Structures are given as C-alpha cells and as structure tokens.
Amino acid sequence: MKKSILAIALLGISTLGFSQRSEIRDAEDAIEDQNYKEALAELDLAKTELADEKDKWVIRYHLAKAKVHGSMASAQSGDEMMENLNTALESVDKVLELESDNEEALNYQIQVRQTMVQSAIDSQNEGNFDTAEKLLYKTYQLNNNDTVMLYYAASAAVNGQLYETALKHYNALLEMNFDGSTTQYIAINKETGEEEIFESKNMRDIAVKTAEFTEPAQKKTPRLTGEIAKNVSLIYIQQDQPDKALVAIEKAKEENPDDISIMQAEADLYYKLGKIDKYDEVMKEVVKMDPENPSLYYNLGVASEQLGDKESAKEYYLKAIELNPEMVNAYINLAAITLSEERDLVEQMNKLGNSRADNKKYQELNEKKKQFYIDALPYLEKATELDPTNLDALQTKLNIYYQLGKNEKAKELKNKIDSIRE
C-alpha cells in the first residue's frame with residue numbers, strides 16, 4: 001500500500017512539471033513568432049508552478065521573460081519602454097544568479113544594453129532628454145567600468161535642463177578622476193589619402209596587412225575634464241551659485257594644472273560673470289599654451305573690445321586671420337572697430353558752425369571719415385566673399401558704397417540684398 005501511495009505522489013509531481021515545461025515552450029515559440037501577448041499569457045501560467053531551485057526550466061522561464069519584455073521595449077518609448085527594459089534586465093539577473101556563466105543570458109544582456117543605447121540616441125534626437133538620461137544611466141549601471149555612459153547620461157541631463165541630476169553624475173565622474181580620453185587606432189587609406197579610425201588595434205593591424213592602409217598609428221582624444229568643469233560651473237551659475245562655480249573650476253585646476261580646456265572653462269566662467277578683466281588675464285595664459293589657435297586670438301579680441309582696448313582687439317583679430325584666413329567674424333569685427341572711430345568725427349562735425357574756419361575743419365574731418373570707410377571696406381569685402389548671404393555685412397558695405405559715391409556698386413549690391421531677403 002505504501003508503494004502505491006508513493007507512486008501516485010510521483011505521478012503528480014511529474015505531471016506538474018510537464019505542464020510547466022509545455023507553457024514555457026509555448027512562450028518561447030510565441031516570442032519567435034513575435035506574438036508577445038500570447039507569450040506573456042503562457043509565462044503567467046508557468047509562473048504559478050515555478051520552482052525556486054536551480055533548474056534548466058526555471059532558467060528558460062526567466063530567459064523567455066527577459067526576451068519578451070526586451071522585445072516589447074524595443075518598439076516602445078517613455079515610461080512604458082523603461083518599465084519593460086527594467087523587467088527584462090531583472091529577469092536576466094535572475095538567470096545569472098542561478099547560473100553566472102549562462103552564455104545566452106550574458107549575450108542577451110549585451111543585446112538589451114545595445115537596445116538601450118540606441119533608444120537613448122533616438123530619444124535625444126527627438127528632444128526627450130529625460131528618457132535618454134535614464135537609459136544611459138541604466139546602461140552605465142550594467143557595467144560600471146563603462147564610465148563614458150555616465151558622462152553621456154550627464155550630458156543628456158544638461159540638455160534636458162535636469163541640472164541636479166547632471167550635477168550628481170558629473171560629481172561622480174570627478175570623484176573617480178574620469179577624463180574621457182580614449183586611444184584611437186588610425187591608418188591612412190591609400191586610395192583616398194585620408195586618415196581612418198578603427199574600432200580596435202587588431203582591426204587596424206589587419207587592414208594594414210591588406211596593403212590598402214599605411215602609416216599605422218594611435219592617438220589620444222582630447223580630455224573631457226575641462227568640459228565637465230565648465231558644465232558644472234555653468235550649472236552653478238544657472239542656479240545663481242557663482243561661488244560654487246569658481247570652486248568647481250579651482251578643484252579641476254588643482255587636479256589638472258596643465259589642462260588647457262579647464263583654463264578655457266575658467267575664462268568662460270569669468271566672462272559669464274561679467275569679469276572681463278579676469279577673462280582677459282586667463283585667456284592670455286591660454287594663448288601662451290596654444291599659440292597657434294585662431295579662436296583664442298579672436299576671443300581675446302572680443303574681450304579687448306569690451307575692455308575698451310581697440311588697438312589690442314585689432315591686433316588679436318589680425319592674428320586670428322593670419323592663422324585662419326576664413327574667419328568671417330574677425331573680418332566683420334575689424335570693420336566694426338574701424339568704423340567705430342567715425343562716431344567721434346560725426347559728433348565733432350555736428351558741433352561746427354558756418355565760419356570759414358569751421359567749414360575748413362568740417363572738410364578735414366569729412367576726409368578722415370571717408371578714410372575710415374575706405375579702410376573698413378576691404379574687411380567687409382572679404383567677409384561677404386566668404387559668407388555671401390551675411391545681411392549685416394552686406395548692408396554695412398552698401399552704406400559705405402553710398403558714402404563713397406560708388407553708386408553703380410551700391411545699386412548692384414542693393415539688388416542682391418533684396419533678392420536674399422525675398
């Protein structure tokens with residue numbers, strides 16, 4: 001009698017397991033057919049009989065659950081997508097708790113991670129920075145060694161004006177001495193003569209062996225420490241906390257005293273605070289460290305103008321053009337500095353009377369005024385050559401044509417301006 005009772009008990013256990021297996025198989029088939037509603041229903045049925053112990057069917061259940069929720073998330077957005085992604089990742093974690101080296105779970109985790117990154121890119125392109133930040137931060141949490149994902153999450157938060165979240169991420173990056181610099185493996189394409197970047201050293205070396213690429217090399221990308229310090233300081237300024245902004249810059253400088261990007265960030269901070277004299281002081285140090293950078297000279301020119309030092313501003317703009325002859329704004333600013341001298345002359349002319357001496361003085365001043373127009377014109381000519389639709393430059397040039405009596409050129413230019421405005 002005892003044997004019969006035992007046999008009945010074993011039969012019951014076997015039947016229960018078979019039902020569970022059938023539902024999990026049906027769920028897997030439904031996932032293959034992209035019938036996710038049916039797959040979820042089958043998994044719900046299997047869940048009621050699911051054992052907690054390590055068993056291949058328990059593992060298959062959690063894998064199927066991960067895949068159905070991951071697949072659903074890939075076609076969704078917003079909170080719905082995040083909810084399904086979280087469920088998918090939790091299910092993968094359960095598999096790995098039971099079997100840490102489960103290859104299918106590890107591969108699917110990578111696949112989900114790739115889906116999250118692509119979804120984050122799509123969300124940013126759509127202006128949904130909140131979702132992008134959540135996805136990128138979640139991606140970082142899956143692999144804490146991939147700190148660049150935390151940096152991207154911070155950037156998404158800044159773009160979405162989620163300043164507190166951005167600060168949290170940036171401060172975490174600074175604490176771990178993240179600099180964002182990476183090694184790029186490069187070689188020259190023989191056919192195009194252009195430098196190309198490869199995903200890895202191995203891929204670069206293989207390409208060179210084909211004889212289609214030459215001059216293999218590697219280079220470091222610029223450090224991101226300065227940009228982080230700059231963004232942290234700008235967030236503090238946005239929050240009306242300039243003292244904290246300056247502390248953030250100083251801390252970054254202590255850790256990276258020779259980082260030119262941090263010095264640039266410091267200069268930008270002073271500029272934002274309206275401390276143009278300090279901006280000018282720091283920028284001059286920056287120029288010493290990078291004397292062939294035309295943008296630095298241009299920025300110094302702008303600062304010098306604001307400080308009322310027109311002569312220095314002109315020298316800086318000319319240096320910027322020497323290094324980069326296509327810097328349109330430098331030409332425009334040079335023209336503006338030259339024409340700014342006209343105002344004083346006009347004021348003097350307006351104060352003169354009708355005496356012979358006054359009339360003579362008027363003519364002398366008028367000739368000087370014309371000379372300013374003549375001196376400014378070449379800068380405007382070059383600016384409009386480089387940027388033919390710059391209406392401000394074109395209009396100023398038109399006014400000079402009228403002042404200098406170049407009526408034919410003025411007529412032709414006016415027609416061009418009118419056609420651009422249409």
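The figures that follow rest on heavy atoms only: side chains count, while hydrogens, waters and symmetry mates do not. Numbers here simply count residues along the sequence, with the first being 1. The structure presented is a predicted model; accordingly, all values stated were derived computationally and were not measured.
- Summarising the local packing, CG of Asp240 is surrounded by 12 or fewer heavy atoms from other residues, nucleotides or ligands at distances under 6.0 Å.
- No side-chain N or O of Glu194 forms a donor-acceptor pair with one of Asn189 less than 3.5 Å apart.
- Judged as a side-chain contact (heavy atoms from CB on, under 4.5 Å), and not counting sequence neighbours, the contacts of Ile121 are Val117, Gln118, Asn125.
- Applying the salt bridge (Lys or Arg N to Asp or Glu O under 4.0 Å) definition to pairs two or more places apart or across chains, those involving residues 283-299 are Asp280-Lys284, Glu285-Lys288.
- Taking both residues in full, the closest heavy atoms of Pro325 and Leu386 are given as O-CD1, 3.8 Å, listed atom of the first, atom of the second, then distance.
- Using a distance-only test at 3.5 Å, with no hydrogens or angles considered, no donor-acceptor pair links the side chain of Ser312 to the main chain of Asp309.
- A salt bridge does not link Lys209 with Asp205: none of the charged nitrogens is closer than 4.0 Å to a carboxylate oxygen.
- Pairs engaging residues 154-166 under the side chain to side chain donor-acceptor pair (under 3.5 Å) rule: Glu164-Gln239 [sequence neighbours left out].
- Residues that satisfy the side-chain contact (heavy atoms from CB on, under 4.5 Å) test with Glu322, not counting sequence neighbours, are Lys319.
- Using the six-membered ring where Trp is involved, Phe198 and Phe213 have ring planes that are perpendicular, over 60° apart on the 30 and 60° scheme.
- The minimum heavy-atom distance between Ile276 and Ala303, with the atom names listed, is CG2-O, 3.6 Å.
- Under the 4.0 Å criterion applied to side-chain N and carboxylate O atoms, Arg113 and Asp146 are assigned as salt-bridge partners.
- Using modelled atom types, one finds a donor on one side chain and an acceptor on the other under 3.5 Å when comparing Tyr170 with Asn231.
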Given Glu196 and Tyr185, is the side-chain hydrogen bond (donor to acceptor under 3.5 Å, both in side chains) satisfied, shown in steps?
CA-CA 8 Å; Glu196 293 190 17; Tyr185 299 97; over 6 Å; no
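- When only modelled atom types and interatomic distance are considered, Asn128 and Thr131 share a side-chain donor-acceptor pair under 3.5 Å.
- Legend: side chain to side chain donor-acceptor pair (under 3.5 Å) pairs involving residues 367-380, not counting sequence neighbours, sorted by first then second residue: Glu342-Tyr373, Gln371-Asp375.
- Taking both residues in full, the closest heavy atoms of Leu135 and Met116 are given as O-CE, 3.6 Å, listed atom of the first, atom of the second, then distance.
- Remark: Glu381 pairs with Lys397 by the salt bridge (Lys or Arg N to Asp or Glu O under 4.0 Å) rule, at least two apart or across chains.
- With hydrogens and angles left out, the side-chain atoms of Glu305 and Tyr316 include no donor and acceptor closer than 3.5 Å.
- In this model, a donor atom of one side chain and an acceptor atom of the other lie less than 3.5 Å apart for Gln306 and Tyr271.
- Residues Ser340 and Lys310 bring a donor and an acceptor atom of their side chains to less than 3.5 Å of each other.
- A salt bridge between Lys382 and Glu385 is present, with a side-chain N of the basic residue lying under 4.0 Å from a carboxylate O of the acidic one.
- Here Glu311 does not pair with Lys314 in a salt bridge; the nearest charged N to carboxylate O distance is not below 4.0 Å.
- A donor-acceptor distance shorter than 3.5 angstrom exists from the side chain of Asn299 to the backbone of Ser295, with no hydrogens or angles considered.
- The residue from Lys414, Arg421, Lys416 that alone fulfils the side chain to side chain donor-acceptor pair (under 3.5 Å) condition with Asp418 is Lys414.
- Residues Gln264 and Asp268 have side chains that bring a donor and an acceptor to within less than 3.5 angstrom of each other.
- No donor-acceptor pair under 3.5 Å is formed between the side chain of Thr384 and the backbone N or O of Asp387.
- Side chain to side chain, Glu133 and His169 meet the donor-acceptor criterion of an N or O pair below 3.5 Å.
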